[in-house]
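This report concerns only the one structure given below.
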Amino acid sequence: EDQVTQSPEALRLQEGESSSLNCSYTVSGLRGLFWYRQDPGKGPEFLFTLYSAGEEKEKERLKATLTKKESFLHITAPKPEDSATYLCAHGSSNTGKLIFGQGTTLQVKP
Amino acid sequence: DGGITQSPKYLFRKEGQNVTLSCEQNLNHDAMYWYRQDPGQGLRLIYYSQIVNDFQKGDIAEGYSVSREKKESFPLTVTSAQKNPTAFYLCASSTGSGEETQYFGPGTRLLVL
């Protein structure tokens, strides 16, 4: 069964304290690994798409990387405004369906 | 500005009542999706549609119905058969090629009176 697991469930950081979020997956035919940011009471906001092992993408303080079985979202010198829930999802068929992990809730304290 | 709109932002349902959630997009996307989000469970797919006049059940379709009469619109009806409808409902759309990014609307929170 295709599955996506994110860890940790929750992460508290001090402002400037870099860390990484993990997304591991079991997939029969990966068709894109997606990262989203979700603020409370809002819809997910697209961050990155990765398609092949070794691929990396960056946006401001965030960098996403991909291996054959997992993806990492690295957060460098985070600020309080980076506090949110980060969701990862993978596509596993030509229907465009996405399977989501449960998310990691990040809190960055000033 | 192109995007996805959902209405209403909050919706209250009485016992035995059917309610309809609206989703409209002006991105000219072919594919549209409905997800349900519960605390600690991530997003679960209810229904999806890849073209007009066609739609498929997702993982948790029981108690829900949809229609896709226009490319830009994909309304979701929560029927009285859905016994636990309280959740955050998210609509998304994509170009429909199969590997593309899905973009989400702002969501509708459904509560039971």
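None of the values given here were measured: they were computed from a predicted structure. Quick note on labels: first sequence line is chain A, next is B, and so on, each numbered from 1.
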B/Q56, part contacting chain A, at a heavy-atom distance under 4.5 Å: neither
Apply the test side-chain contact (heavy atoms from CB on, under 4.5 Å) to residues B/Q102 and A/Y36: give CA-CA distance (whole Å), side-chain angles for both, the deciding distance (0.1 Å), then the verdict. CA-CA 10 Å; B/Q102 292 182 21; A/Y36 292 85; 3.7 Å; yes
For the interface with chain B, which of A/G41, A/G101, A/P44, A/G103 has the highest count of heavy-atom pairs at distances below 4.5 Å? A/P44
Give a yes or no on this: more than 12 heavy atoms of other residues, nucleotides or ligands lie within 6.0 Å of atom CZ of A/R61. yes
Compute the centroid of each ring, for B/F104 and then for A/F46, and state whether the two points are separated by less than 6.0 Å. no
Take a 6.0 Å sphere around NZ of B/K70 and say whether it holds more than 12 heavy atoms from other residues, nucleotides or ligands. no
A/K42 atom NZ, neighbour heavy-atom count above 12 within 6.0 Å: no
Quick one: do B/Y35 and B/Y64 end up in the same hydrophobic cluster if we chain Ile, Leu, Val, Met, Phe, Trp and Tyr together by side-chain heavy atoms under 4.5 Å apart? no
Tell me, side chain or backbone of B/L43 under 4.5 Å from chain A's heavy atoms, or both, or neither? both
Side chain, backbone, both or neither: which part of A/E9 has a heavy atom under 4.5 Å from chain B? neither
May I ask you to check whether over 12 heavy atoms, not counting those of A/E81, lie within 6.0 Å of atom CD? yes
